[in-house]
Amino acid sequence: MQLANKILIADDHPLFRTAMQQAVKQLVPDVSIAQAESLPELQGTMEQHKDADLVLLDLQMPGAHGFSGLVFLRSHYPEIPVIVVSACEDPAIMCQAVDHGASGYIAKSSPLEAISEAIGQVLEGDVYLPEVARRHQHQPNEQALDLAERLASLTPQQFRVLTMMTEGMLNKQIAYDLEVSEATIKAHVTAIFRKLGVRTRTQAVIAVQSLDIEKPETLLNNSAESDS
């Protein structure tokens with residue numbers, strides 16, 4: 001396995017981040033690990049770790065809609081490979097992740113041996129998919145890929161603004177959080193509309209939400225139990 005100096009783990013579950021960190025350190029003992037628990041935090045963390053060797057990315061994080069986090073990483077940090085690590089075990093989703101630029105896909109239920117194999121292959125420059133995905137008859141979704149290409153044309157700041165728009169924030173609130181003028185946010189919103197080919201905030205939000213994937217049954221059950 002090619003040695004990695006720095007790996008970033010992006011996942012909103014603290015216990016899973018800890019478990020993945022322990023697994024990674026068993027594979028690469030001297031690796032430095034950075035973490036993020038939401039898409040906005042990931043965006044900021046990547047600015048500080050542009051020299052990362054690998055990103056392990058969960059698709060279901062606050063601020064992310066399905067493949068939107070992956071699209072952001074591939075468009076702004078194309079030299080850094082990304083392995084999607086998800087509870088979703090649908091082979092169609094695994095193949096779609098590769099369509100959107102992932103270098104690998106690991107199901108969260110995978111044993112350590114599979115995680116090791118995936119990380120090793122990706123660090124060597126290969127693409128890793130579980131056997132179930134390799135057997136899947138896959139037809140790329142051209143509409144989703146076109147949207148991903150449009151999203152990839154957004155600047156990092158425009159991507160942040162769009163992410164905050166999907167959370168229902170108004171221009172004034174976004175400007176306050178990003179510490180810029182409301183006029184600057186309006187300019188970003190106009191550019192976002194133009195690049196996505198939409199005319200309203202609602203259309204822009206719907207476009208991004210179309211990248212969502214259905215949450216796995218196990219995650220829904222766990223969420224229900226934690227809320228009870």
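This is a predicted model, so every value here is computed, not measured.
- Note: Met165 CE to Thr202 OG1 = 8.5 Å, rounded to the nearest 0.5 Å.
- Taking 4.5 Å as the limit, some side-chain heavy atom of Ile119 sits within range of a side-chain heavy atom of Leu54.
- Rounding to the nearest 0.5 Å places NE2 of His188 at 12.0 Å from CG of Leu162.
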Under the side chain to side chain donor-acceptor pair (under 3.5 Å) criterion, do Gln26 and Gln22 qualify, and how do the steps go? CA-CA 6 Å; Gln26 286 185 42; Gln22 292 173 345; over 6 Å; no

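- When atom types are taken as modelled, the side chain of Gln203 and the backbone of Arg199 share a donor-acceptor pair closer than 3.5 angstrom.
- Linking ILVMFWY residues whenever their side-chain heavy atoms come closer than 4.5 Å, directly or via other members, leaves Leu170 and Val161 in distinct clusters.
- Summarising the geometry of Ala107 relative to Glu89, their closest heavy-atom pair is CB-CG, 3.8 Å, with the distance given to 0.1 Å.
- Sparse packing is recorded around CD of Glu149, with 12 or fewer heavy atoms of other residues, nucleotides or ligands lying under 6.0 Å away.
- The CD1 atom of Ile106 sits 10.5 Å away from the CE atom of Met94 when rounded to the nearest 0.5 Å.
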Give the C-alpha distance, both sets of side-chain angles, the deciding distance and a yes or no for side chain to side chain contact (heavy atoms under 4.5 Å, CB included) between Gln173 and Glu167. CA-CA 11 Å; Gln173 295 171 306; Glu167 296 172 352; over 6 Å; no

For side chain to side chain contact (heavy atoms under 4.5 Å, CB included), just list the numbers for Val189 and Ile174, CA-CA rounded to whole Å, side-chain angles, deciding distance to a tenth of an Å, and then say yes or no. CA-CA 11 Å; Val189 171; Ile174 297 173; 5.9 Å; no

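- Here the closest heavy-atom approach between residue Tyr105 and residue Ala97 is recorded as CD1-CB, 3.8 Å.
- The minimum heavy-atom distance linking Gly63 with Pro40 is given by the pair CA-CD, 4.3 Å.
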Side chain to side chain contact (heavy atoms under 4.5 Å, CB included) between Met20 and Ile33, worked out: CA-CA 10 Å; Met20 182 56 70; Ile33 297 178; over 6 Å; no

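- For NZ of Lys25, the number of neighbouring non-hydrogen atoms (other residues, nucleotides, ligands) closer than 6.0 Å is greater than 12.
- Note on Val208 and Val198: same hydrophobic cluster, where clusters join Ile, Leu, Val, Met, Phe, Trp and Tyr whose side-chain heavy atoms are under 4.5 Å apart, directly or indirectly.
- In this structure, the separation between CD1 on Ile192 and CD1 on Ile185 is 8.5 Å, given to the nearest 0.5 Å.
- A continuous path of ILVMFWY side-chain contacts below 4.5 Å connects Tyr77 to Leu151, so both sit in one hydrophobic cluster.
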Show the numbers, then the answer: is there a side chain to side chain contact (heavy atoms under 4.5 Å, CB included) between Met46 and Leu42? CA-CA 6 Å; Met46 288 305 302; Leu42 173 62; 3.8 Å; yes

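- A pairwise comparison of heavy atoms in Leu123 and Asp53 identifies CD2-O, 4.0 Å as the closest pair.
- Side chains of Gln96 and Ile93 form a contact here, defined as non-hydrogen atoms less than 4.5 Å apart.
- Across all non-hydrogen atoms, the minimal contact from Ser181 to Thr184 is OG-OG1, 2.9 Å.
- Summarising the local packing, CD of Glu79 is surrounded by more than 12 heavy atoms from other residues, nucleotides or ligands at distances under 6.0 Å.
- In this structure the side chain of Asp11 reaches within 4.5 angstrom of the side chain of Lys108, judged on heavy atoms.
- Looking only at distances, no side-chain donor or acceptor of Ser68 sits under 3.5 Å from a matching main-chain atom of Ala64.
- Using modelled atom types, one finds no donor on one side chain facing an acceptor on the other under 3.5 Å when comparing Glu47 with Gln43.
- A continuous path of hydrophobic side-chain contacts links Val31 to Val122 [ILVMFWY only; heavy atoms under 4.5 Å].
- With values rounded to the nearest 0.5 angstrom, Leu211 atom CG is found 10.5 Å from Leu59 atom CG.
- Under a hydrophobic clustering in which Ile, Leu, Val, Met, Phe, Trp and Tyr are joined whenever their side-chain heavy atoms come within less than 4.5 Å, directly or via other members, Leu154 and Leu145 fall into different clusters.
- Nearest heavy-atom pair, His49 versus Lys6, reported as atom, atom and distance to 0.1 Å: ND1-NZ, 3.2 Å.
- Thr45 places a side-chain N or O within 3.5 Å of a backbone atom of Glu41 that can act as its donor or acceptor partner.
- Of the possible donor and acceptor atoms, one in the side chain of Arg74 sits under 3.5 Å from a partner among the backbone N and O of Ile80.
- Side-chain contact between Ile9 and Val85 is absent, with no heavy-atom pair separated by less than 4.5 Å.
- The CG atom of Leu129 sits 10.5 Å away from atom CD1 of Ile83, with the distance rounded to the nearest 0.5 Å.
- A 4.5 Å side-chain heavy-atom check between Arg201 and Phe193 finds at least one atom pair inside the cut-off.
- Although no hydrogens or angles enter the test, the distance criterion places no donor-acceptor pair under 3.5 Å between the side chain of His65 and the main chain of Ala207.
- Leu147 is listed as a side-chain neighbour of Ser210, based on a closest heavy-atom distance under 4.5 Å.
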